[in-house]
Every structure is written in structure tokens, then in C-alpha cells.
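Only heavy atoms go into these numbers, but all of them, side chains included; no hydrogens, no water, no symmetry mates.
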Amino acid sequence: MKQSKKGESTRENRDLRWRYFFMGSIMSALAAALWVGAKPIVEFLRHHHYVPLIFCIVFLILEVISLIRNENNPGKLFWTVAGTVLLILCVILVPIVSPRADETELNPYLMVFLMSIVAFFCILHGLVARNTYVNTVRYFFIIFAAVILLLPFYWMFVNSLKSFNEIFSSPTFLPKTWRWSNYPEIFQNPQLPFGRYFRNTFIIAIAATMGQLISCSIVAYAFARLRFRGRNFLFLVVLATMMVPFQVTMVPLYIGFIHLNEIRFLGLTWLNSMLPIIVPQLFAMAFNVFLLRQFFRTIPYELDEAAHIDGCSRFGIFWRVILPLSKPALIIVGLFTFFWNWKDLMGPLIYFNSRDNTTVSLGLMFLKNPKHIDWQLIMAASTISLIPVVILFIIGQRYIIRGITMTGMKA
Amino acid sequence: MTIKNIIISLCLLCAAWEGPRALCQIIENEGYHGKKVTIRLAFWQADYIDAFSKTCYAFVEKNPHIRVKIEADFWTSYWMKIRTNTAGRVAPDVWEISTDKGSQANWFDKGACLDLTEYAKIDDISLSDHIPAARKAVVWKGKVFGLPVGAAVRIFMYNKAIFDKAGLPYPDAHEPLTWDELVKLCRKLTVTENGEIVQYGLSWSYSSLPSCIQQAGGRLVDDYDNPTRFTANTAEVKEGLRFYCDTMFKHRIAPVLSQQKDLGFEQPDYALLSGRVAIMVSGYFALPRLVEAEDLEFGLAPVAMGREQGQEALVNLFCVDWRSKYPDEAWELVKFFSSEEGQRTLIENGGPDIPTIEKVLNSDSFLNSIPGVDNLDVFVRELGDFAINPPALPTDKFNREFQNIIDKMYLGSISPEKAAEMMQHEGERVLAELHGPEISDAVRYYYPAAILSLPLVFALALYLRNRSLRNIPELTRLGGRKDNLAGFLMLLPWLIGFLLFMLGPVIVAFILSFTQWDLVGSPEWIGAWNFKEMFTRDWTFINSSLVTLVYVVSAVTITIVVALLVAVLVHRKTRFMGFFRAIYYLPSLVAGVALCFVFAWMFNVKYGVINNLLGFVGVEGPEWLFRKGWALTAIISINLFYIGGNMLIFLAALQNVPRQYYEAAEIDGASGRRQFFHITLPQISPSILFCLVVGTIVAFQVFTEPYIMTDGGPDQATNFYILHLYNKAFKDLEMGYASALAVVLFSVIFVVTFIQLKVSRRWVYYEAE
């Protein structure tokens, strides 16, 4: 059975795959040339718009032939019909939709847009899907969505390499000249000390991460393993605090820090410094406690009991049994706290208000203020500001995704 | 090249670790070794910090016991900083105020500046050396609050090359053009190519609108120093507004101001540098950069006149902070900067402002201060003869309402005549409110009690219903003994934080919401007036609530529905699944200021990738962030990128659905669609509920996107709730009102979550355990 199926598919499928691959390659090459903006090809297509049409028609004819030859594929008829309709729509709709086209000309871009979709589909079908159309469509959308979601990152990176004049001309997908010098330029502006911003953000993020890891694991352990009066009620309170928006406590906290600053509490400055952002985060936050508690509860009690019998104290169990076993959860909590602090805007916006001393997110905002907006520098600074996050994400990606799927939580 | 630059960046990052502080300088007399007092000085002309520091050197030369610490900043961020710093009692000793739209009166009324009348009397300072506009700016209700340092007026600056090319004579430096002549001239200078304007005849500046009203003979209030009646609906005001709008929309000789940057022009103040503008309206401060520009020949001319000549002058004054520890030394610094010597030093070292002392104004120090520009006397005539002060209307509220109306006018959604009527309406309201709210006893005492008792009643009811909660079986074992003390100790890291940073502040917020407090002085109990005002008068609040509601509903729907679709798509055995999952999750993880900037740029009308992709397909994209209907859509659609978190949760849930159910359904002949709706959805409904609840809470708190991308604009279309709250708290410093807003938000979130959880019992399916 298995063998016969394999034998059946070889010749037939290889033919089909080559055909798709060939068709797709030609069309995508054409499309790519157009997207990049090759003038002669645009001009050629403007006057010879039937060329891609011929390609499409040939493709469809081949498709119909294979439909007749290979009847067991149920989805094929549907897709052939769909392709035909698409083609007809192309011919009819292009001149109507496109406002630029006058009576004799077609808009080559719309043509190419549709073509590139068909081409992409063909290649994909030839490559991965082994003749089940539904699967091809699925992959088509998966890749399409991934491309869309990555577009902002790509766009940010590309624009960070353009010059001021190029950025204010119609956009291209590649810079004409790759101006890597935009990157050093960010750090050379003495009025916006980005190095200092990075330092501040790192300090805040790392301090908050350490604080959360230590305090949350202790609290979560108490909630997960200890029996004491009012435990369930207090845990409900923890859950309820997740509902309180930061903005409710924002004003009183700000006023509180003003007064701390005025009396120089502990001899420190409490405004225009990192302290008001770090200090509250040294104490356990509800989300993290919840996440860690859920994880701790998945660790079997037998281990605790065994350690107990071996003479381990409460703290010993926590330190020697629970913590080493919950490394993945701790990594998630750490990463989330780091990420959250890295991108936070509201806190720095309230507590920092000078250009000399602030965090990266606020520094990015200051880039927008001066006399003229250098978008390429904003993009370069944005790119740099994302690098630590992306690197950490790539390293901890496995844990993060596991953690979310495990506890149903997100950043 | 590439690697070299990367290495340079890294080195710079390391070198800049501590960061240079270019906007911060300490200036002291090195020769003096006695005890020194440090005075902090803040101003907003950060580009001209050298001129100020040189003047400070001259000052410490004479006063060796004073050390001056300069903290310069730029216009927008400066005001943000000063506002929060005065409230936080950490403001510099001496700081600068500008008379822009009468904002000086605001500061004086709040008591943020020290009353300097006595000092002026003792030192016998006579203000009569200064020009009249400057004299008026520093006196408020008979008291002196500061001393003038410089002034600014705007004049015409024209590009000689463009005039030569068009074969037109330069504008006269003495005789101003009339409005008709200006329009005629600019029409000839405006060049259109392929239906697109490539060169404009005129470029307005941000202060041109009040000037136009002025030139038409219109006045916004009956008396500029002591306003009693609002007069914005007079024919003259309307004429001024009409002329201003016509240049942009009817004659199309000037670009719409708010879009100038995004059209790729330079900032209005430096529009000549682009080479695509014939005449611009700008001030003295712009001249150094114009002179530096190589291929630019330019000339100066007075601004055009309508019925009369005139414009608003901006006067910059230094004042002493209310909490300054060394008011005497601070006064010395203020006095020096305002003196003849100080102003002369400032202008000779490239200061950005025009001196206010008439003697300095007419001396060579000013008239020859910019090498290569000879007819600086245009400024002198404009400032001395025609400049008037902006009306002293001491409310920020007024300014902001006013700005909203002007924004609407820029968008072309209301006519200038309508705008004048609306201004009149707003103005009358604000004038009437100046005397403070009248609060009845009911509002002051009884309503707060009622409001406060609501949550208590609610909590009690909840407690009585859920008393069974206490009987949840204990999950721990370990011999069954209780560890009350250990438990308590281990909870401390949470308990302290909870009391100090959560429960305490929430209670304080509740109490504050019944008061009025601008952080200067002490809070005043006004009962439920904040809430009454909110629901009956504050249209911004109602608007922002609606906007936020629309956003919450659509954003939550999008993130759940699309995430579910994608999860179903990826769920089946897929190659590179981990890779795709990571990519889908990445944007929602790094969402923040950086991505907001990218989106803002992607949504750009002319150079954004979205409109250009649409253009490829033949659709003309809308003006996303500049149109009232589209801005909210744009911000909502960003959520399409943030589906990753929800998707992962759904994916996990989908993988936990037992396969047998599908097999059984298949045998029963259920179609794919029926399987999805009758097996998949109920099975993953707990995850959907979780995403719904968390997503709603998060969506209510949206702040970064509107703050970065639109700042509430256009015409408040994206003025989200939190943005409104933030503005109230940290721009207007109405802490009581902001707390009331926060309390309302809290209640709404609480109620919505409660309802969601209640209703969920009907549709969420929990596996029987």
C-alpha cells in the first residue's frame, strides 16, 4: 500500500512540481524586478501588458490538462476555477480600479501585485505541499502573515540606513547607499546622550528583574506550599491587584516621591532619578507571583516530603528543591520583567524630565522634538533600542513560549 | 565600511556610557576661593547655550560668590520639565517664562514665581528703559514677577534667487505689503508641477494666526491687560481668520502648517532652507542658520499689513522660583540678565532674542550682531512700534480649547467664521469660570459619602455571597501543621509593596479625587465637584471615553478573532512551527516607543510604505494620522501586529483538545465547520475568557501609541482616556481631577471585568473534574 502510493506519486508529482516551480520562478522574477523598480520593465509592461496574461493562461491550460489526467484530487477543480476568475478579474478590474491608467494603459503594478501572489502560491505549492491545495493555502497564509508581521522591523532597519533626502522621497525597499554612519551619529549628539539612556535603562531593567525574581519566588513559594491563616483570601487579593491600573496609583505615588525627595529620604534624590521606578519593583508584583505559584504547584509534593524527611528546613526545601526545578519559570519572570521595563514609557515620563538623564524610550521621544525630525536617526535609534530585547528573545524564546503555553500568561 | 561603523557605534556606546551633559554647564569664577552659592538657571533656547554661558561668565566675574549651573532645554520638553519640576519642588532657582498666549499669567497666578516687587523697589529697577511690550509682560496685578531678558517678533524673510528667477522686485524693507499685494505676489511665486505644488510663495509660522487677527484690526478680548468681555465673534477677527485660511485653502500659496514637516519641507521657522519657499515668516533666532547656508541669498522685510500693522511679541523673562533657597542670589542673576550690560553681552555672543532695552536695541551691538545682514532695523521698527502683548487670560484650559478649534480649522472641517464663533463660546465660558466653581453643600459633602459607600456595599455583598470561599480544601500536606509565622514572613516582600505602592496610593487617590490641588499650596476639599464637572461639562472626558470604548471593543475583538484564526492556521502539523510562532510573538513582545515610531512613519501620507503599497495597487491611501475618521482606525489596526500573545495561548489550548472528540464527530458525520464551532470553541473557551479579561484591562490603559503617534490629534480623535488623564495630571497639574478620572477608570474596569466573569459562566466550558 505504502509503496504503491509512493510509486504513483513520483512521476506525476515531479512533473507538477517542476511546472509550478518554473512558472512561479518566472513570474516572481518579473514581479521582483518590478517591485525593486526597474524602469525598463515597467515601461515594457505598460505597453505589453498581455505578456503576463499569456503566462497565466498557459499556466491555467496546463492546470486544466492535469485536472483531466488526474481526477482523484478533489480540490483541484475549485482552484482552477478560482484561478480563472482571478485572471478575468485582473483583465477587467485593473483599468477600472487604477486611477492612473488612462484608456489605453494598464497599471502594471496592480498586475504585478496579483502576479506575485500567484507566483508565490505556485512556488510554495511546488516546494512544500505535495499536491494538497488546502495545505498550500495554509502555508501561503502563514508565510504571508509572518512577512506582514516582520515588515515593521524590516522597514525600520532599511530606513535607518537611508539619508535624509532619500527618506523624504518615494519609499524603496532597499537604500540607495547604505549609510551605516547613521548609527554612530546617534551617539555623537551631545544634547541627547544615548549612551547614558542605555545605561539608565539597563540599570533599571536589571535591578527590577533581580528584585522581582527574589521577592516573587519567596512569595509564590509561600502561596504554593505553606499553610497559614488567610492564605486563600490573600491570594485573591493578589489576583485582584492585577485589575488595578497603574494610572490609579500614579498620582499618589508621584506626590509621595515628591515628599520623599523634599526630605531627602535616606539621603537620596527621589525625583529625576531611577529610584521611583526601581523601588516599587523590588516588591513582588501580582502577575509574577501568580505565574510562579502556578509553576511551583506543578512540582510534585513527594519531592518536598522526601527533602523534609531528609531533614531539610522550609527554606532548605525552597532553596534546594523548588528553585532549581523551576528554572524555566524564573527565566520567564526575569525576561518579562526586563522586557516590560525596557519598553516602559509612562514611568520614565513621569519621574524623569530632563534630557540629560532619562531612559531609552523617552530618549527616542526627545529625538522627535528638535527643529527638524531626522526620521533616519529615529529609525536607527529605534533599531538599536530593540537589539537587546531581540537578542534576549532569541535566547529565551524557547522558555517564553513554553511558559505562556503553560500558564496562559503574556507580557 | 559597515563593520567599521558598527565598531564605532559600539565604542561610542561604551564611551558615552556615563554620557556627556552638553545641556548642563557649571560656570564659576575660578579666581575666587571663598564660599560659593550655586544658582540653577533654566531656559529653553538650548541651541544658543553658548551665548547664555558667556553672559553667565560676565556675571560671575562681578559676583564671584555665585556659581551658576545652566540647564538648557528645547521648547516643548522645557515646558514639560518646568511644569513638573515646580510641582515637584525641584525647579531651578531662576527659570525662563515666555509670554506665549499669555501663559505668564498662569505661572504668576499659581504662585510658582516669587513676588519680586520688593526687590525691584530696593534696587530701584526702573522698567521704563524697556520697550512697552516687555514692561507689560512682567507686571501682573500690580506686582513684578520677573524681569525681561529678550523679545521676539517675526518678519518676512525672502529668498532673493526665487524673486530673481520670477523677475519680480524684492519687497521693500520699510513699506509693508498689503494683504492683496501679498496674495498677488505669492501667486506668481507658487509653482505647480503635475498637479502638485513644488514651490510655495509663502510659509506661515506658528504665531502667524494671532498676527493675522491683529492686522485685520480684531481683538480677542476688550482689554488686553484686564479682560472683562470676549470679542472673538467680531467681523475683524473673522476677517483675519478668513485671510489666513484662504492662503492655504483658496489661493493655495502656503502649505498647511501642521503637515509641513511630513510633506518633507523644513520646519516653518527655517522654510527658506528647503529652497522651495519664496517668503517665510520667521524671527531673529533663525538668522545664523540662514547666513550659514551656502547657496541662499535672503532679505528682510516687515510683515504684511491688513487694516493695520501689528503682531504679537513674545517676551522672555527670567523669574525666581517660589521654592528657591537663595532668592537674593537668584535675584542678582535675574537683574544682571535684564540689565543693559547683560543684554548687550548676550546679543554680542549670538543670543537668540532681541534685546528689550531700547538703548541696546538701537545700538550697534544689536544692529551689527549678525554679520552679513544689514537691515536688522526691520526688527526694531516691528518690535518697537507695532508689537503688542498677548491677552492675559490665565488659563491653560483656554489655550487648549483654542488650539482644538484652530486644529479643526487647519483640517478644513470648519470655516473660519465658525471657528470664530466657537472661540467666542469657549472664551466666554472660560472668562466666567475665572472666579472659581460654586459648590453646593450636597456636592461638597453628601455625594462623596454616597460615592464612597458604593464600593463598601459592593464588597460586603460579595463577601456574603462568597463566604463558602473559605472552605476551599487546603492543598498543602507536609504533616498538616500550620506555619503562620513563616507564611507571614515569606509574604512580607509582597505585603510591604502592596501596602505602600498599591493599597495606600489607591486610598489616597480616592481621597484626592474629592479635592482640588495643583501641587503648589495645599489640597482643597471640593467634594464631588470633580465628578459632576466630568460628566456634565468636560467634553474632552466624554469624547475620550467614547474613543477609548470604541478602541477597547475593536482592539479586543481584533486581537482575539485574528489570533484565533492564526492559531487554527498554525495549529496543524506545520514545518518550522517554532520559527513562525516566534515571529508572530516578536512584535507584541517588543511593542513600545520604537515600534510606534515605525508605525507612525509607515502611516505617513506621502512617504509611508502603506500608502505607497496602496498606490501600487491603484488605491489612493487616506491621510491616516491627519484625518479624524482615519486616525483611530490606524491606531486600532496596529493591534493586528500584537496578536502573538493571544495566539500562543490559543495554540496551547488547541493542542490540549482531545483527538477522540474529533474522531467521534467525524464518525457522526459532522463537517469541519461544525466541528470547529461545537468542539474546538467550547474546549478552548477558558483561554478565550482569559484573553478577553486581560485584553480588556490592557486595552483600557492604551497610552504609548496615541502619545507617540498623534498626541491625541487630529481634533481629539485619538485622545484616549489615559492620555486625557496624563494631560490633566502632569500638564495642567490638576491632581484632584486626575485622581477622579483614575477612580472612574478603575470602577469601569472593575465593573466590566466583573460582568465578563459573571456572564462567562454561560459560555465558558469547564471540563468536569
Side-chain angles (χ1 to χ4, degrees), chain A residues 97-98 107 109-110 113 141 146 149 152 155-156 168 171 180-181 183-184 187 190-191 193 195-196 199 215 218-219 222 226-229 232 241 245 247-249 251-253 258 262 271 280 283-284 301 314 343 345 353 355-356 361 364 369 371-372 378 382 385-386 389 397 404-405 408 410, chain B residues 2 5 8-9 12-13 16-17 19-24 74 76 81 84 88-90 264 267 472 476-477 482-484 486-487 490-491 493-494 497 501-502 505 508-509 582-583 587 590 592-594 597-598 609 612 616-618 645 648-649 652 690 701 704 722 725 729 735 738-739 742 746:
Chain A
V97 173
S98 159
N107 178 355
Y109 290 110
L110 180 53
F113 178 70
F141 279 112
L149 287 183
W155 198 239
M156 176 170 74
F168 279 108
W180 290 96
S181 58
Y183 283 86
F187 294 102
Q191 288 164 347
R196 203 184 174 77
R199 186 196 71 142
S215 58
I218 294 175
V219 174
L226 298 189
R227 280 179 68 178
F228 50 89
R229 261 182 98 81
N232 290 330
T241 53
Q247 288 78 14
V248 175
T249 57
V251 168
L253 280 181
I258 287 177
E262 232 187 354
L271 277 185
F283 301 97
Y301 289 97
R314 279 259 176 259
K343 69 188 184 189
L345 174 70
N353 40 35
R355 267 161 198 278
D356 289 330
S361 2
L364 284 178
N369 268 338
K371 289 277 153 34
H372 60 156
I378 292 184
S382 301
S385 83
L386 287 188
V389 187
Q397 183 247 110
I404 291 166
T405 47
K410 53 177 175 164
Chain B
T2 310
N5 272 302
I8 291 176
S9 296
L12 283 168
L13 177 61
W17 198 239
R21 289 171 157 241
L23 299 176
C24 233
F74 297 94
T76 324
K81 171 176 155 175
T84 44
R89 292 120 162 96
V90 286
Q267 278 272 327
I472 291 177
T476 42
R477 285 189 259 162
K482 287 206 170 189
D483 323 73
N484 278 341
M490 291 189 106
L491 275 196
W494 169 74
F501 301 115
M502 185 62 77
V508 173
I583 285 182
V590 300
V593 179
F597 272 124
V598 183
V609 66
N612 275 276
F616 275 153
V617 195
L648 288 184
I649 294 173
F690 178 83
Q701 300 180 41
T704 311
I722 300 294
L725 196 159
M735 291 300 168
S739 296
F746 182 36

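Contacts between A:V389 and chain B at a heavy-atom distance below 4.5 Å involve the side chain alone, from C-beta outward. Heavy atoms closer than 4.5 Å to chain B are found in both the backbone and the side chain of A:I218. Interface residue A:T241: backbone and side-chain heavy atoms are both found under 4.5 Å from chain B. For B:A729, the part lying near chain A is the side chain, with the backbone staying farther off; criterion is any non-hydrogen pair under 4.5 Å. Residue A:I378 touches chain B through its side chain alone, counting heavy-atom pairs closer than 4.5 Å. Heavy atoms closer than 4.5 Å to chain A are found in both the backbone and the side chain of B:L491. For B:V598, the parts sitting under 4.5 Å from any heavy atom of chain A are the backbone and the side chain alike. Both the backbone and the side chain of A:L364 come within less than 4.5 Å of a heavy atom in chain B. With a 4.5 Å cut-off on non-hydrogen atoms, A:E262 touches chain B through its side chain but not through its backbone.
B:M735 approaches A:V251 most closely through the heavy-atom pair SD-CG1, 3.5 Å. Of all non-hydrogen atoms in B:F746 and A:P245, the two that sit nearest each other are CD1-CD, 3.8 Å. The two residues A:L226 and B:A486 make their nearest non-hydrogen contact at CD1-C, 4.0 Å. B:P505 approaches A:P252 most closely through the heavy-atom pair O-CG, 3.2 Å. Here the shortest heavy-atom pairing between B:G487 and A:F228 reads CA-CD2, 3.6 Å.
Interface summary for chain A: among B:S739, B:A742, B:G592, the most heavy-atom pairs under 4.5 angstrom belong to B:A742. With chain B as the partner, the residue from A:S385, A:A146, A:A222 showing the most heavy-atom pairs under 4.5 Å is A:A146.
For the atom pair CD of A:Q247 and CG of B:L725, the computed distance is 7.0 Å after rounding to the nearest 0.5 Å.
Taking 4.5 Å as the limit, every side-chain heavy atom of A:K343 sits out of range of all side-chain heavy atoms of B:V593. When side chains are defined from C-beta on, A:F283 counts as touching B:F501, because their heavy atoms get closer than 4.5 Å.
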